[in-house]
Amino acid sequence: MASGRLGGLASPLMRQLARQLAQAVPVLLIVAVLTFFLMHLLPGDPAVLIAGPEASREAVAQIRTQLGLDLPLHEQLFVWFTHLARGDLGRSLVLNQPVTEAVLERLPVTMSLALISFALTLPLGIGAGVLAACFRNTWFDAFVMLLALIGVSAPSFWIAILSVLLFSVSLGWLPSAGYVPIAQGMWPWFAALLQPALILALFQIGFLARITRSAMLDVLDQDFIRTARAKGVSEWKTISKHAFRNTLIPVVTVCGIIFSLLVGGSVVIEQVFALPGIGRLIVQAIIGRDYPVVQGTLLLLGFVFVLLNLAIDVLYTFIDPRIRYG
Amino acid sequence: MISRNVSRAVLATALVAALAVDTASAQQPRKGGTLTYANVSGLGTQDPHVAAAVVELEPINHIFEGLVAMGEDYEAKPSIASKWEVSPDATTFTFTLRQGVKFHNGKVLTSADVLASYQRYQQVSPNKSQLASVESFTAPDPHTFIIKLKEPNAVFVEVLKTPTYPFSILPAEQKDKPAREVEIIGTGPFRLGEWVRDGHLTMRRFDDYSIDTARPGIDGLAGRKTVHLDAVRYNFVPEANARVAALQSGGADHISNVPPDTAKRIAGQPNVHIMKVIPFCQQTFIMHTQQAPTNNLLIRQAIQAVFDVDDMIAVSMPDAERNPAMVFKTSPYYQPELGAKYYDIKSVAKAKALLTQAGYKGEKVVLMTNASYSYMRDSTVFLVEALKAAGVTTEVSMVDWPTNVSNMQSGNGGWNITVTGFCSGPLLGPQQWRPLLVGFPQVKGDTVIDENYTKFFSSVELAKRKEAWLAIEERVLSQAYMVKVSDMPDLRGHNGKFEGLKPYYFTRFWDVWQK
């Protein structure tokens, strides 16, 4: 039965995916051009930053020549696009390594952080939202929504500093900063990421809880839920089998957005916890006006977001059999 | 009773003896241990010939060495060269190299390596203009290296001590390596271990290091360097609060750049010791001489007249010290009397009189500053209020540091006054100020400065060089190209588990050991 459904879907779904991928090309092109010009419009010369405020004009000029920054802007854009066409995102002005290499080196850190955050967000956010909806207008509902509001509103850097003071300085339970690769042990890796991942997840847990509660409340008011209850279906079964499944479409959409936000939100958290990930790479690159790194990383992130959206579209078809592409 | 007293006495003696032994053993250097250092940011390069940032230079100082190096008093001291001779006309410099110095790859250093390194420097270093007057480099034998200049330069050896773009010696095989692409092989007391960009860098003790036994002890970046630690790990932690938390929680043994407010808050806590390094940088306001209305000397002098140094220090950097001179107090060129004429004038009446004389009609004066460095922002806000009191129309242009520093160098951005911290110029002496003074577009074509620099470089006697420097300082300050505020400190923290960490411009890890 399932394979039959898959077989029936494959062709129109693949066509839809191919169409969406093709649509992504001009989007990424626009991202590339906009990022290039936005970065170059920013005042601040990378050569001056590399040379330092006390460098001579000759020193700055020498660095500009070494880095190709003395070329006219349109030539720099042309050079960058020529490299892009070959799959080369360019070379960092500051790190002295290819942008692709710089991103790939840091990707495990950011993905580890995002995945742990995601793993915390899903059960806590959805669980809190479902329970708040089931116990609507009770103290429990108010309490969960208050926590969600705090999670959504409190600045993550502030929570991070308080958390470090409590869990690292006072209690000494978790490291205050730094990253340990998983190759050096599962627990050190997890311990290094737990605190930043939880803080990164706080906002998303609150966000997801609110969305889930709202979707759940909509479903719980539907006729089929009343019918199920009238038929004598147990409350647990009504919630888990009938109500929850029908809240999944908005929840999955939001989960896709949440994963993107977790990757994007790592910018602040990686900076505070000294995690050598992509967020920190972007921050350092913007501060140092490292044009190729900012351009290349944003382009790659844009591509990842396009792929995420495609993955969510595919997921829809499995969650709701009524959705068909063609 | 007697026996109880005797027991107590024996116990007390034993305890005192144990404590004494413990203290003595803590003071006695011993090998081993890894020190973790939380520093402000990651490194772009470890190629010494193109490195200018302090975070890059600190490991470079441990891994590489030059012919000469900065001593404890920041003067040039022997390093790879055991001695040097200067010809009477200050054009020929003959360096005798120490024998048996080894690179980290086991190769013995000779003058061929020195020659190749200087030749590479001439190709790739942004600081290569310092070698523009070189007529020739020669290596007549394995232990002699000669530099001949086209024109006299009495402070040429002082130029070579610079820690910014250091004149480090690399193996000759690296001669043709492009900028930032050398293998990290030096002759220093530490060798590179692991380097994870944006993450951490580890340096390990170089067991074959050739200690300069002719020197009595530690001396700045030169002297007798003995390494006791097995390794030093630099963790790159950009957030000040995270660095402090790492120190408090045992994640770091030593941290850099502690904000003054935080230092006050944590001082005295268990395992927290604050180390003050002063002088570190100078706080200076720069005036744009090509931008109206500060292209008018009288208006610049009016602005100079409103400065109240004590209040500005209190507002922006309470640990800073007064110093009217453009060099630090340790410098042989330190002559504060002249600078005092233009320092801390704090006279609104004088400013108003100068503005009237200048025919000032309320033209806007733009003060460019940034939020990246709080002392720059706070002192600018303070100056705005002082200028308002004198009747000057002001506007603050708040930008980020990269914009601020780029505009300061280029003269773009429509600013009249900006603020910065100068570090290497005041530290290394007049020769280091030169590219700054003649290079900034806002101080254009000043023949008085040029002539006095010619005199400075050609004078063999220190007295004459001091005279020339005094004339340069007089010119800079009397023309109000810049207004000096203070000598600023750098605050660092450590947990007291290591002995031998001494305040110095650069953090050093030789002659440091675990208690």
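Every chain is numbered from 1, with letters handed out A, B, ... down the list of sequences. What you are looking at is a predicted structure, and each value in this text was computed from that prediction instead of being measured.
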Roughly how far, to the nearest 0.5 Å, is the [atom2] atom of [Y] from the [atom1] atom of [X]?
{"X": "B/Ser249", "Y": "A/Leu171", "atom1": "OG", "atom2": "CG", "result": "11.5 Å"}
{"X": "B/Gln123", "Y": "A/Gln62", "atom1": "CD", "atom2": "CD", "result": "9.0 Å"}
{"X": "A/Ser176", "Y": "B/Glu239", "atom1": "OG", "atom2": "CD", "result": "12.5 Å"}
{"X": "B/Asp400", "Y": "A/Ile287", "atom1": "CG", "atom2": "CD1", "result": "8.5 Å"}

Of the listed residues (A/Ala274, A/Ala102, A/Pro43), which shares the most heavy-atom pairs with chain B below a 4.5 Å separation?
A/Pro43

Go through the side-chain N and O atoms of A/Arg289 and B/Thr403 and say whether any donor and acceptor fall under 3.5 Å apart.
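Result is yes, a qualifying pair exists.
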
Using non-hydrogen atoms only, which part of [X] is less than 4.5 Å away from chain B: side chain, backbone, both, or neither?
{"X": "A/Leu95", "answer": "both"}
{"X": "A/Leu281", "answer": "both"}
{"X": "A/Val164", "answer": "side chain"}
{"X": "A/Val109", "answer": "neither"}

Exceeds 12 heavy-atom contacts within 6.0 angstrom, atom CZ of A/Phe81
yes

B/Thr164 versus chain A, the contacting section by heavy-atom distance below 4.5 Å:
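Answer is neither: B/Thr164 stays 4.5 Å or more from chain A.
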
For B/Asn235, which atoms come within 4.5 Å of any heavy atom of chain A: side chain, backbone, both, or neither?
neither

Minimum heavy-atom distance between B/Ser406 and A/Asp45, given as atom pair plus value
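Closest pair (atom of B/Ser406, atom of A/Asp45, distance): OG-N, 2.5 Å.
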
Between A/Ala177 and B/Val237, the two heavy atoms sitting closest are CB-CG1, 4.5 Å

Per-residue tally against chain A (heavy atom, under 4.5 Å) across B/Ala53, B/Gly251, B/Pro238, B/Ala52 peaks at B/Pro238

Taking every non-hydrogen pair under 4.5 Å, which of B/Glu181, B/Glu56, B/Arg197, B/Lys128 racks up the most with chain A?
B/Arg197

